[in-house]
Number of protein chains: 2
Amino acid sequence: MQDDFNVQMNEFLPLRDVVFNTLRQAILTGELKPGERLMEIHLANKLGVSRTPIREAIRKLELEGLVTMIPRRGAEVAQITEKSMTDVLEVRRALDALCAELACERITEAETEQLHRACEAFEAAVKTRDLKKIARADVQLHDIIVQATGNQRLVQLVNNLSEQMYRYRFEYIKDASQHQRLIEEHRIIYESIVKKDRETASQAARVHIDNQKKAIIAQIRSEKTGH
Amino acid sequence: MQDDFNVQMNEFLPLRDVVFNTLRQAILTGELKPGERLMEIHLANKLGVSRTPIREAIRKLELEGLVTMIPRRGAEVAQITEKSMTDVLEVRRALDALCAELACERITEAETEQLHRACEAFEAAVKTRDLKKIARADVQLHDIIVQATGNQRLVQLVNNLSEQMYRYRFEYIKDASQHQRLIEEHRIIYESIVKKDRETASQAARVHIDNQKKAIIAQIRSEKTGH
DNA sequence: CTGATGTATTTTGTATACAAGGATTGTACT
DNA sequence: AGTACAATCCTTGTATACAAAATACATCAG
């Protein structure tokens with residue numbers, strides 16, 4: 001299987017899952033652009049597989065909302081509109097708040113320790129000024145909280161919603177003047193979870209998303225109007 | 001296409017979607033029981049189609065969480081455990097509260113009118129003592145609120161989560177002594193949405209789910225122990 | 001009688017074949 | 001030159017074929 005996209009070759013994952021991950025990644029990174037048609041034979045040739053795994057992968061992308069089906073015309077990459085992003089962010093805001101509250105109740109000792117380390121890792125990442133590293137540290141920290149809820153369904157939903165914003169993941173950390181505030185926000189979340197202060201934790205989670213929203217919406221608008 | 005399940009024969013829906021809806025319905029109603037294997041050739045014969053649409057339908061069911069894939073062994077109907085239901089209900093509680101809040105801000109005149117009629121229809125349904133009719137009226141009322149949020153992603157997620165509880169849809173309205181309270185709860189939700197009282201509306205939505213949760217958990221426990 | 005091994009069957013995973021609907025392009029006619 | 005119509009090509013939707021893995025079963029040895 002030669003590739004153009006970067007295909008992860010986990011030897012014994014079914015091809016459909018390899019294709020699914022590959023296409024999803026390509027869509028989320030913007031390698032496949034909104035509105036672009038996903039033609040089965042073309043993709044099959046490109047990825048060196050037959051149409052069958054391609055089709056099955058598309059069915060999953062369809063349900064995930066990354067792809068839009070047009071009857072008798074096939075799949076195309078779903079448009080990203082300001083509306084679709086605010087819709088996603090609105091839901092994520094509620095679910096992130098829920099995660100914070102549940103984490104207060106259910107976080108284990110080990111996870112608390114992880115969270116502590118993640119906070120420090122984030123501070124360290126900020127010092128490097130490396131956006132990729134900062135983004136990764138932020139995701140890491142967030143994941144620990146989500147996992148601490150112990151709610152698998154919630155984990156799955158939040159991860160899916162997060163993915164939708166993947167291509168804007170740098171926007172809200174691009175502004176270095178906000179870095180100190182981000183560290184502060186994380187500290188508040190960490191401390192309120194330790195203190196089991198649900199209200200403060202969920203409020204901080206909401207603020208966190210609100211800030212992301214501002215950055216992402218600003219970016220979308222500038223993409224549309226400017227240049 | 002002959003059937004055993006009730007297949008909806010929307011003439012120009014792709015077979016995969018017909019199969020998807022059919023299987024989903026069968027799983028949600030309990031016609032296909034948790035743990036039961038979904039064998040492709042068998043289903044293909046039963047539904048009178050080839051394996052291809054069956055497989056594509058299964059891919060979607062997989063992502064919806066109604067089906068579990070076992071490597072090189074195929075699909076089986078996902079288990080319903082108390083944990084999986086509380087997970088779902090926990091998320092739904094937060095999202096229903098969000099729906100109520102957003103509805104306060106965004107509901108249109110026409111939708112308010114619909115909601116009013118739905119409340120009255122629910123009262124009328126309760127008087128008939130017909131559980132099916134009551135359940136339908138309740139769903140109807142709920143749908144109006146969800147739609148009123150104007151958030152398509154939210155609509156999709158809430159509908160999906162609701163589906164997971166489909167087979168318990170009668171449990172929380174079985175107890176006739178609670179009917180009056182249900183009417184009262186609906187009235188509170190309706191009035192607080194009209195008054196744009198977010199706090200009361202979301203609180204009422206949460207109470208509503210909490211009651212469903214009690215009924216459903218009680219049912220699951222009785223299925224497991226006594227039955 | 002029990003356990004292990006080899007064979008047969010079943011079932012998935014993948015590829016390909018075939019049919020039907022849409023889109024596109026070219027041509028003829030106004 | 002522009003529009004309408006027809007032929008062709010392309011793409012999807014569906015069915016089937018083939019291979020490999022897993023399971024079940026039966027036979028044989030201890």
Side-chain angles (χ1 to χ4, degrees), chain A residues 1-3 5 7-24 26-27 32-64 66-78, chain B residues 1-5 7-24 26-27 32-33 35-64 66-78:
Chain A
M1 183 198 258
Q2 82 280 355
D3 64 356
F5 309 126
V7 188
Q8 58 243 56
M9 232 351 199
N10 288 25
E11 198 55 59
F12 288 111
L13 208 59
L15 284 184
R16 60 167 177 273
D17 290 328
V18 176
V19 173
F20 175 62
N21 291 330
T22 305
L23 290 181
R24 179 163 60 172
I27 292 172
L32 286 169
K33 296 195 175 42
E36 195 166 331
R37 284 184 70 181
L38 295 178
M39 283 180 302
E40 298 168 2
I41 300 175
H42 179 236
L43 289 173
N45 293 337
K46 198 158 177 173
L47 299 178
V49 300
S50 80
R51 282 176 60 209
T52 308
I54 301 281
R55 288 179 63 83
E56 299 192 5
I58 288 177
R59 294 289 86 75
K60 291 171 85 172
L61 293 169
E62 179 189 352
L63 210 74
E64 258 202 346
L66 291 177
V67 141
T68 308
M69 291 306 298
I70 300 174
R72 296 235 147 65
R73 186 132 192 284
E76 57 180 50
V77 179
Chain B
M1 182 199 259
Q2 83 277 355
D3 64 355
D4 283 37
F5 310 125
V7 188
Q8 56 244 52
M9 230 352 198
N10 289 23
E11 198 53 60
F12 288 111
L13 209 58
L15 284 184
R16 61 168 176 269
D17 291 328
V18 176
V19 173
F20 175 62
N21 291 329
T22 305
L23 291 181
R24 179 162 61 172
I27 292 172
L32 287 169
K33 297 196 174 39
E36 194 166 331
R37 283 184 69 179
L38 296 178
M39 282 179 302
E40 298 169 1
I41 300 175
H42 180 236
L43 289 173
N45 294 336
K46 198 158 177 173
L47 299 177
V49 299
S50 80
R51 282 176 61 208
T52 308
I54 302 280
R55 287 179 64 84
E56 299 193 6
I58 288 178
R59 294 290 87 74
K60 292 171 83 172
L61 293 169
E62 178 189 353
L63 210 74
E64 258 201 346
L66 292 177
V67 141
T68 308
M69 291 305 299
I70 300 174
R72 296 232 147 69
R73 185 130 194 284
E76 59 180 48
V77 179

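In this text the structure is predicted, and so the values were computed from the model without any measurement. Naming convention: chains lettered A, B, ... in sequence-line order (proteins, then strands); numbering from 1 in each chain.
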What's A:R16 touching, base or sugar-phosphate or nothing? Going by heavy atoms closer than 4.0 Å. sugar-phosphate
Atom CZ of B:R59 to atom P of C:dT12: distance rounded to whole Å? 10 Å
Grab the CD-P distance between B:E76 and C:dT12 for me, whole Å please. 12 Å
Within the distance-only criterion (no hydrogens, no angle test), does the side chain of A:R37 pair as donor or acceptor with the backbone N or O of A:R73 below 3.5 angstrom? yes
The single option from A:L32, A:I54, A:T68 passing side chain to side chain contact (heavy atoms under 4.5 Å, CB included) against A:L38: A:L32
A:I54 atom CD1 is separated from D:dT11 atom C1', nearest whole Å, by 14 Å
Integer-rounded Å distance: D:dC9 C1' and A:M39 CE: 13 Å
Across the strands shown, which category fits B:R73 at heavy-atom distances under 4.0 angstrom: base, sugar-phosphate, nothing? sugar-phosphate
Let me know the distance between CG of B:D17 and P of D:dT12, rounded to the nearest Å. 16 Å
Please report the distance, rounded to the nearest Å, between CD in B:E40 and P in C:dT9. 21 Å
Check the distance between C:dA15's P and A:R55's CZ and give it to me in whole angstrom. 14 Å
Rounded to the nearest 0.5 angstrom, the CG-OG distance for B:N45 and B:S50 is 10.5 Å
d(CE, B:M69; C1', C:dG13) in whole Å: 10 Å
Which is more 5' along DNA chain D, the nucleotide nearest B:R37 or the one nearest B:S50? Just name the residue. B:S50
With distance as the sole test, does B:R59 use its side chain to make a donor-acceptor pair with the main-chain N or O of A:R55 at under 3.5 Å? no
Short side-chain N/O contact from B:R72 to OP1 or OP2 of C:dT11, under 4.0 Å: no
May I ask you to evaluate whether B:T52 reaches the phosphate of D:dT14, defined as a side-chain N or O under 4.0 Å from OP1 or OP2? no
Using a 4.0 Å heavy-atom cut-off, does A:I70 contact any base of the nucleic acid, only the sugar-phosphate backbone, or nothing at all? nothing
Base, sugar-phosphate or nothing for B:L38? Non-hydrogen atoms, less than 4.0 Å. sugar-phosphate
Can you work out whether A:E56 or A:R51 has the more 5'-proximal nearest nucleotide on DNA chain C? A:E56
Consider side chain to side chain contact (heavy atoms under 4.5 Å, CB included). Of A:V67, A:L66, A:V19, which one does A:R24 pass it with? A:L66
